[in-house]
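What follows is a set of notes on a single structure, which appears directly below.
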2 protein chains.
Amino acid sequence: MTQATIRDVARHAAVSVASVSRALNGAASVSPATRDRVQASARALGYVPNAAARSLSLARSNTIGVVLPELHGEFFSEIVRGMDRAAGSLGLQLLLSNMHADVELAAHALRAMRGRVDGLLIMAPELAAATLIDALPGQQPAVLINCAAAGRSHPGFGIDNRAGAAAMVRHLLAQGRQRIVHLAGPGSNLDARERQEGFTAAMAELAPGAPVEVLAGDFHEETGMAAAQALLSRGPACDAIFAANDQMAIGAMRALQDAGVDVPGRIAVAGFDDVPVARYLALSTMRVPIAEMGARALARLARLIDGTDTTTDVELLVPELVVRGTTATGAISNKNPQEEPTS
Amino acid sequence: MTQATIRDVARHAAVSVASVSRALNGAASVSPATRDRVQASARALGYVPNAAARSLSLARSNTIGVVLPELHGEFFSEIVRGMDRAAGSLGLQLLLSNMHADVELAAHALRAMRGRVDGLLIMAPELAAATLIDALPGQQPAVLINCAAAGRSHPGFGIDNRAGAAAMVRHLLAQGRQRIVHLAGPGSNLDARERQEGFTAAMAELAPGAPVEVLAGDFHEETGMAAAQALLSRGPACDAIFAANDQMAIGAMRALQDAGVDVPGRIAVAGFDDVPVARYLALSTMRVPIAEMGARALARLARLIDGTDTTTDVELLVPELVVRGTTATGAISNKNPQEEPTS
DNA sequence: GAGCCAGATGTAACCGGTTACACGATGGCC
DNA sequence: GGCCATCGTGTAACCGGTTACATCTGGCTC
């Protein structure tokens, strides 16, 4: 025999299906006697309501669709952890799908979620605004995370990359650095673009005379290494490298150490994201509250679904400056960084 | 207006719902003319089939329920990545739920998935076999990952922790280490228990005379530090610390460095898991193929669901020894470990 | 005792798909 | 020309829940 249905329970308890439904959902007006009998029967038969049927009937699934791009480890788990925490406390489930880069596949993933989810949480830092808006099912509530498209028709969340970059520039300047080179991320990535803009804007404002140099990069460690090597081999030296993410900063650090360059004595290095490794390598960086972003995005989506919040503005989370050894003016303290507790 | 239904499409194309269903699902015997008209109507109305209705009718959701414990970052994202990759290639979706430690909540999570998923992928290294079996919905196909309960009624996947521990012991002995201390994980955790058993068994077999010491731990970095400090302060010195996971090994390394102890000169340190940080810290460890485990578990579940594979044995994945600086006999090479490409 | 109301329960329609079965048209064959 | 197989299509039942509405019961008021 397969799973028991509500009609099996009704038969077993000698009542109608309506009474079973009412009794199990705690609805009004069921006599205590009936309620008890129904609950006993349900337990006896091992009855578990069929979620698909429930969703269909109620036009509500209590499930949130999550569409993420191909993310490197830590970022992925953190954001999902935040979402899961919020979802758990609201009694919601998470249906996960990777964006798989391709717009066609992404659209298909979104399509497959129709009827299965009450709303969507979408992160697509690489997608152009128009493309994404097109792919979105019109009716479905959605919150966009780190999307160029956020703010118009859909509410969004994002990192305040400009403010973060500015904070790091301010810090480096305060440490007496004069020639800061920015190692940018891929131009296709929204965060990368905003960080670069933040960098140039901050330099223009805070150090009007200083040379502003930007090197192209792609968020990968190797690129960081190559860039640092290139910087060393060519003419005028810089005294600080500010990478658009930690991976590239780590690559740069390695290359500098290989070349015997004193970090931060001769060249300071800073990253962005605060991946867990950063702490071990004493890398100064901007900490991005990823889990919090996931949790808040989910909570907002929940409000959007139940109509409590219909705004469409973008909320920005400001990264926090984390100063470690690689930008300290004093001694190199590249080991035993214990400024924070272990996560 | 809400979303278009199959009846809207049928009306628009002037055919019956049956024809629409057949046309859109590529079923046999629909005339080309009808098919085209239906497809045109569907496109015109922006029709997307309702997954809940489809699931209900077909008794098939093409969705896999994934239940994981509270996992530290890297492990979580890796296993989900593996599952997602396999799911994507099979046209399946992933419904995610955290196990939240509590059995009661776990049971509830499993319940909420009824009717929504075709099968379950469950990871519960902390749960006793009987408890888990009880909580499992009887009818539902399930594959257990790292579960004590695997192998009896349900197929499973796991890490060959014993073989992994033995391999590390063999390596340490080959490096000339004589007094190896094992820093164990929590007794509630299956992996931790197996690693410890593997350690003691290997010591008994490979170094019958050598002292076998095991310290209790809990997988956390602080514990590793404390253990190393304790080892230093007390009497007879050991010459190798083999921790049951990387976090503890890292803690131990730090404490040793703080105390000015030469690693690996005086004491070698080894971990288990190969978390990404390990590479940067030059920590020797056992690499666990997490993503592969996720992918293979999902593939097996898919076969279980469609009846292709009804075995219930446990497949073990063998970890791979990764030798880095912390166990090298020669020089300390604690920086620039470049034995592998960046992931 | 008739009339009314409230509370408990049952009946059946509905959610949006799939599909068994019925049906009409077409064409081939004798 | 009549018969039958085949093909395309439509009707309606079904999946397993929820719930509007009808019904029945008992207690209350006058």
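Chain letters run A, B, ... following the sequence lines, proteins first and then strands; every chain starts at 1. Worth knowing before you read on, the calculation uses all heavy atoms, side chains too, and leaves out hydrogens, waters and symmetry mates.
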| message | Is it the case that the base of dG17(D) and the side chain of Arg7(A) share a donor-acceptor contact (distance under 3.5 Å, atom types as modelled)? | response | yes
| request: May I ask you to verify whether the side chain of Arg22(B) and the base of dG10(D) hold a donor-acceptor pair under 3.5 Å? | output: yes
| Taking atom P of dC14(C) as reference, at what distance in whole Å does atom CG of Asn50(B) sit? | 18 Å
| said: Tell me the interatomic distance from Tyr47(A), atom OH, to dG16(D), atom C1', rounded to whole angstroms. | reply: 7 Å
| Any donor-acceptor pair under 3.5 Å joining the side chain of Thr5(B) to the base of dG16(C)? | no
| NA contact type, Thr34(B), heavy-atom cut-off 4.0 Å: base, sugar-phosphate, or nothing? | sugar-phosphate
| field | Minimum-distance nucleotide (side-chain atoms of Arg54(B) versus dT18(C), dG16(D), dT9(C)) | value | dT18(C)
| From Met293(A) atom CE to Ile79(A) atom CD1, the distance as rounded to the nearest 0.5 Å | 4.0 Å
| query | If you measure only the distance, is there a donor-acceptor pair under 3.5 Å linking the side chains of Thr311(A) and Arg300(A)? | reply | yes
| query | Should Asp84(B) and Arg81(B) count as an ion pair when the cut-off is N to O under 4.0 Å? | reply | no
| request: Rounded to the nearest angstrom, tell me the gap between atom CZ in Arg35(A) and atom P in dA8(C). | output: 10 Å
| message | From CD1 of Ile6(B) over to C1' of dC15(C), roughly how many Å is that when rounded to an integer? | response | 14 Å
| said: Without decimals, in angstroms, what is the distance between Asn62(A) CG and dG17(D) P? | reply: 16 Å
| message | Categorize Ser21(B) for me: base, sugar-phosphate, or nothing, with a 4.0 angstrom heavy-atom threshold over every strand shown. | response | base
| task | For dG10(C), take OP1 and OP2 only and decide whether either is under 4.0 Å from a side-chain N or O of Ser19(A). | result | yes
| said: Could you check whether Asp306(B) pairs with Arg60(B) (Lys NZ or Arg NE/NH1/NH2 to Asp/Glu carboxylate O, under 4.0 Å)? | reply: no
| remark: Sorted by position of nearest nucleotide on DNA chain C, 5' first, the leading residue of Asn25(B) and Leu58(A) is Leu58(A)
| task | Measure from CG on Leu56(A) to P on dT19(D) and round the result to the nearest Å. | result | 13 Å
| Which part of the nucleic acid does Ala18(A) contact within heavy-atom distance under 4.0 Å: base, sugar-phosphate only, or nothing? | base
| message | Check the phosphate of dG10(D) against Ser16(B), side-chain N and O only, distance under 4.0 Å to OP1 or OP2. Yes or no? | response | yes
| message | Using whole Å, what does the distance between atom P of nucleotide dA8(C) and atom CZ of Arg37(A) come to? | response | 14 Å
| message | What contact category does Val17(A) fall into here, base, sugar-phosphate, or nothing, at under 4.0 angstrom with non-hydrogen atoms? | response | base
| note | Rounded to whole Å, CZ of Arg114(A) lies from P of dG17(C) at a distance of 7 Å
| request: Answer whether the closest heavy-atom distance between the side chains of Leu144(B) and Phe157(B) falls below 4.5 Å. | output: no
| Can you tell me if Arg116(A) and Thr63(B) form a side-chain donor-acceptor pair at under 3.5 Å? | yes
| Of the candidate nucleotides dG16(C), dG16(D), dA8(C), which contains the atom at the shortest distance from the side chain of Ser31(A)? | dA8(C)
| Considering only side-chain heavy atoms of Val15(A), which listed nucleotide, dG17(D), dG10(D), dG10(C), is closest? | dG10(C)
